[in-house]
Amino acid sequence: MKINSISQFLLDKFEDKPMSIHLDLIGLLRLGKNNKERLENFREILLSVEDKGGTILIPTYSMSYTKNEFYNIKNSSSEVGIVTEFLKDKDYNKRTYDPLFSYLIYSKKEYNQFYKVNNFNCFGENSLIEMLYNNNGFLSTIGCGMRMLTEIYFLENKFGINYRYNKTFKGTTLTTEGEEINTEVTYFCRDIEKYPNLLSNFITLENDLIKNNIVEKWNYDNIFSINSVSFKKIENFILRKIKEDPFYLTIDKNIKNKWDQI
């Protein structure tokens, strides 16, 4: 497997900018003969990018406090797929202490504030996602659609949309040393009371991004393929769309149910 070549290929694309990657195992199909080999090779790519000075973020969201569970950085499961759970088990020391929306940070740069037990604002000021935004980062996917980009909630918060609001969740985080620390985390939630039938929907956005050639498709030798979009570019696109339709990023629950039945 051309680990070094693939990692250099990625670095040549996003250079010194950070990149988050949402992914599904199917996107790693050509990285090995079986799932074990595919997962291990993908991890080696991430470590190679890190070793060369790049920064890649992998979501390992646990949503622990919303479920009234302790957040255990080592043992709280990632709810975003088998790949992220595998990486979390291998590299939990790289996992951030956000008890809802944690990430693994593959980077040699200093991100110490995210490795400390603290009160976190998942999609607001001083968040890891704000760092990604401020550094002109990329939002990327492997094996799944751009509809999976959770970081868009940060933009909704920035734009001040009215169908979401900041809600505080309290809970307990268990450190790697076994210490229990009570913290609070702010989550930009859907306002279910005001809009009970409204759901998030990024499918239209995904289709529009593709139609307008905003998504960059990076392919290395038909072995490794990744779709990416600049955080700032997607911001400008969404801002234009929600000026035309404030509910551009949502869908009515009743309409979705009809779609699901077709």
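All heavy atoms count here, side chains included; hydrogens, waters and symmetry mates do not.
The closest side-chain heavy-atom distance from L39 to F42 is not below 4.5 Å. With a 4.5 Å cut-off on side-chain heavy atoms, V117 and T175 count as touching. Using a 4.5 Å heavy-atom cutoff, the side chains of I226 and I21 are in contact. You'll find the side chain of V185 stays beyond 4.5 Å of the side chain of T168, heavy atoms only. Residues H22 and T150 have side chains in contact (heavy-atom distance under 4.5 Å, counting atoms from C-beta outward). In this structure the side chain of F159 never reaches within 4.5 angstrom of the side chain of F154, judged on heavy atoms.
A donor atom on one side chain and an acceptor atom on the other are found under 3.5 Å apart for E151 and S20. For S225 and K217, the side-chain atoms include no donor-acceptor pair closer than 3.5 Å. Of the N and O atoms on the side chains of K74 and N93, not one donor lies less than 3.5 Å from an acceptor on the other residue. For the 3.5 Å distance criterion, the side chains of R95 and S76 fail to qualify, holding no donor opposite an acceptor. Side chains of N182 and T172: a donor on one and an acceptor on the other come within 3.5 Å. Between the side chains of N4 and Q8, not a single donor N or O lies within less than 3.5 Å of an accepting N or O. Between the side chains of S140 and S228, a donor-acceptor pair is found at a separation under 3.5 Å. No side-chain N or O of R38 forms a donor-acceptor pair with one of N41 less than 3.5 Å apart. Using modelled atom types, one finds no donor on one side chain facing an acceptor on the other under 3.5 Å when comparing T60 with T84.
At distances below 3.5 Å, not a single donor-acceptor pair connects side-chain atoms of E216 with backbone N or O atoms of V229. Side chain of S48 to backbone of E44: no donor-acceptor contact under 3.5 angstrom is found. With hydrogens and angles ignored, the 3.5 Å screen pairs no side-chain donor or acceptor of D221 with any backbone N or O of I223. Formation of a donor-acceptor pair under 3.5 Å by the N118 side chain with backbone atoms of F120 is not found in this model. Side chain of N34 to backbone of K36: a donor-acceptor contact under 3.5 angstrom is found. Side-chain atoms of R30 come within 3.5 Å of backbone atoms of N222 as a donor-acceptor pair (strictly under, hydrogens ignored). Between the side chain of N119 and the main chain of E184, a donor-acceptor pair closer than 3.5 Å is present.
For the salt bridge (Lys or Arg N to Asp or Glu O under 4.0 Å) test, residues two or more places apart in sequence or in another chain that qualify with E79 are K67.
The neighbour count for K233 NZ, taken as heavy atoms of other residues, nucleotides or ligands under 6.0 Å away, does not exceed 12. Other residues, nucleotides and ligands contribute over 12 non-hydrogen atoms within 6.0 Å of the CG atom of L239. Heavy-atom neighbours of I210 CD1 from other residues, nucleotides or ligands within 6.0 Å: above the threshold of 12.
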_For a salt bridge (charged side-chain N to carboxylate O under 4.0 Å, His left out) check, start with the C-alpha distance between E40 and R43, then their side-chain angles and the critical distance, and finish with the verdict._
CA-CA 5 Å; E40 289 176 346; R43 177 172 178 258; over 6 Å; no
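When each of K241, K158, R240 is checked for a salt bridge (charged side-chain N to carboxylate O under 4.0 Å, His left out) with E235, only K158 meets the rule. Considering L132, I56, L128 in turn, L132 is the only one that fulfils the side-chain contact (heavy atoms from CB on, under 4.5 Å) rule with P18.
Of the inter-residue distances, the one linking K109 atom NZ with E50 atom CD reads 12.0 Å to the nearest 0.5 angstrom. Distance check: L23 CG to L87 CG gives 7.5 Å after rounding to the nearest 0.5 Å.
Judged by the 6.0 Å and 45° rule, K170 forms no cation-pi pair with Y65.
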Side-chain donor-acceptor distances from residues 188-195 under 3.5 Å, at least two apart:
{"unit_1": "R190", "atom_1": "NH1", "unit_2": "L198", "atom_2": "O", "d": "2.7"}
{"unit_1": "D191", "atom_1": "OD1", "unit_2": "E193", "atom_2": "N", "d": "3.4"}
{"unit_1": "D191", "atom_1": "OD1", "unit_2": "K194", "atom_2": "N", "d": "3.2"}

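Judged as a ring pair (Phe, Tyr, Trp, His ring centres under 6.0 Å), the pairs with a partner in residues 71-111 (not counting sequence neighbours) are, in order, Y61-F101, Y61-Y103, F101-F123, F101-Y187.
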